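Each ligand, and each atom within it, is numbered from 1 in the order the structure gives. The residues of the chain are indexed from 1 along the displayed sequence. Only a predicted model underlies this, so the values are computations on that prediction, with no experimental measurement involved.
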Amino acid sequence: MERHDVLVVGAGLAGQRAALAAIQAGRDVAILSKLHPLRSHSGAAQGGINAALGAEDSVDTHIYDTVKGSDYLGDQDAIEFFCKEAGPTVVEMEHFGTIFSRGDDGSLARRAFGGAGFPRTIYAADRTGLALLQALYERIGTESFTLYEEWDLTSIVVREGRCQGVIAFNRLSGSFEPIAAKSVVIATGPAGRVYGRTTNAHTCTGDGIAAAYRAGAALKDMEFVQFHPTALLESSILITEGARGEGGILKNGKGERFMSRYAPHVLDLASRDVVSRAIWTEVEEGRGFPGGYVHLELMHLGQEKIETRLEEICDFSRKFAGVDPVTEPIPVMPAQHYIMGGIGTNLRGETNIKGLFAAGEAACVSIHGANRLGGNSLLETLVFGKQAGIAAAEYAKVAPASTLRESEAEPDAARVKAMSNRAEGEEPQRLRMEMQNVMDTQVGIYRAFSALANALRAIRALQARFEKVRIVDPSSTFNLNLTDALETGHMLDLAETIIVGAIARTESRGAHARTDYPKRDDAHWMRHTLATYSHEGPKLSYAPVAYTRWEPKERVY
Ligand SMILES: Cc1cc2nc3c(=O)[nH]c(=O)nc-3n(C[C@H](O)[C@H](O)[C@H](O)COP(=O)(O)OP(=O)(O)OC[C@H]3O[C@@H](n4cnc5c(N)ncnc54)[C@H](O)[C@@H]3O)c2cc1C
């Protein structure tokens, strides 16, 4: 059996940064990833990464904007640490070789982003994630570590009060293998494919969050799901907030700049929850374009700016919507974009399970609280990826050897074998699509008890049907029908935690907007939701929010 000091699951920005920190601390490190590292969703990030580097900006303003953006649910001690680390983190990535866009004077160019008091989003045109991912991949390539590429994490083994390692599926050989590790860092990224209308890649299925949940980790604030205001109409491909940061404007079917009604001061650059609700309301109240959408206009910015600063956006609009942003408006609607919740951790990436750490979108520290600001997530992967790597390395240095046994891979292998041997049953893809439809239609931007209760019943019915899921493809190499089944099982668990948390939270805060409880209720709900696994469904408990300097106020943009 393979053994390591530190096993990092996920090779996006969070995973690679965690691994680099653990390698630098002198530990034997492995990374396990279902994708080639450069195909991680981090590479799809367009708009940029936040750091208060300009003379007129300050770390304190970044902290304040993040606290306000979170609708006061973010932990202020974590946010303070996070924003202080921003400058050094971006400079380090620049030194690793990230080619950022620059201003005329040669300094790092910055663009305005939603909910930010100053233009503080540093970018590489509209390919910031890819630029960062490539630089970090080249940097980590100079170190020595083991890479399990195209392996899927299926279970995390917790025994004797600590994490002993993982069980993973090797796509090439078709076998389930145990991998022993003293520390395991989960950095498996987003879970956006729980929804159908999402900007997330098809691979963003929340596997690591689900595996941690089944292993006893507490998931934090799962009910908070971010919808990005501007996704292309049919494909849901993201049109970066950078497009509005560069001066793009939203208009409804009557030609009105409707954002003046919802955010009179900052208009199109209000935070994402506010803009998404505004678009939704315009369309619901009949002021959208026929078929239900609004326009994002860039034409007034001029061809040169559009084609240099927003090159990919041009490409996506032309290829996937058949419109040229230089001469025509882009048809957009909100789509699921980010999960604020995840595996609950502290500032060091530690979870409630000894030896189990988490970072990146799979984790919830929490710095985003009820609503994440654009540009803060790339930064989070690097800041807290590094912290989790350091903590995992420290723990591995003193932890006893893992007692994982070869036989512990058998239950996962047996479970999948049963799915393959079934003569009758449903295809995972069908269950996945039904789940996505439930989430799109009943657990969206606006929520209410009756729809949430229907959604919970529907997801539980799908979970029951999943017991009889059938893998029809018999092949033992690169069996995507099999991995589809694994992912669908994970997502059904996560959908359930999102809905149960959303039903319980009888208030509206950040991205969680209840039409039956339209007000924020600080007296009862200024607290984090924790969900732990039980056979009967998620068990909820609550944890306090950390405050340092900012008293909750009404949020106005
Ligand atoms: C289209 C888009 C644009 C965005 N733009 C921005 C932006 O401009 N600025 C910003 O701050 N944020 C942006 N975000 C959010 C941000 O990019 C992500 O939150 C962040 O990059 C996630 O990084 P990560 O390392 O946590 O996960 P990822 O980069 O998604 O990496 C996850 C890794 O986990 C691996 N993995 C997953 N499941 C398994 C499994 N079962 N077994 C083994 N490995 C597994 C994958 O192979 C992958 O390597 C954007 C997101 C999207 C979807």
Does the distance from a Lys or Arg side-chain N to an Asp or Glu carboxylate O, for [X] and [Y], drop under 4.0 Å?
X: Asp207; Y: Lys34; result: yes
X: Asp57; Y: Arg110; result: no
X: Glu307; Y: Arg318; result: yes

message: Return the closest protein heavy atom for atom 23 (O) of ligand 1 as residue, atom name and distance.
response: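 It is Ser42 OG, 3.0 Å.
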Worked verdict on Ser173 versus Ser175 for side-chain hydrogen bond (donor to acceptor under 3.5 Å, both in side chains): CA-CA 5 Å; Ser173 69; Ser175 57; 2.7 Å; yes
Look only at interatomic distance and state if [X] has a nitrogen or oxygen under 3.5 Å from any nitrogen or oxygen of ligand 1.
X: Ala45; value: no
X: Ala14; value: yes
X: Ala362; value: no
X: Gly360; value: no
X: Thr199; value: no
X: Ala44; value: no
X: Gly48; value: yes
X: Glu361; value: yes
X: Gly374; value: no
X: Ser33; value: yes

As a check for students: among [options], identify the option with a heavy atom nearest to [atom].
atom: atom 27 (O) of ligand 1; options: Gly189, Gly208, Ser377; result: Gly189
atom: atom 30 (O) of ligand 1; options: Ala168, Pro190, Ser40; result: Pro190
atom: atom 2 (C) of ligand 1; options: Arg171, Gln46, His41, His368; result: His41
atom: atom 42 (N) of ligand 1; options: Ile239, Leu153, Leu133, Ile49; result: Leu153

- request: Go through ligand 1 atom by atom and flag the ones less than 4.0 Å from a non-hydrogen atom of Asn200.
  value: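 Counting from 1, the qualifying ligand atoms are 53 (C).
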- request: Can you measure from CD (Glu150) to CZ (Phe169) and round to the nearest 0.5 angstrom?
  value: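 CZ of Phe169 is found 11.5 Å from CD of Glu150.
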query: With sequence neighbours excluded, what pairs up with Asp440 under the salt bridge (charged side-chain N to carboxylate O under 4.0 Å, His left out) test?
result: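 Not a single residue meets the salt bridge (charged side-chain N to carboxylate O under 4.0 Å, His left out) criterion with Asp440.
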- request: Could you tell me if any non-hydrogen atom of Tyr123 lies under 4.0 Å from any atom of ligand 1?
  value: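 The answer is no, since Tyr123 has no heavy atom less than 4.0 Å from ligand 1.
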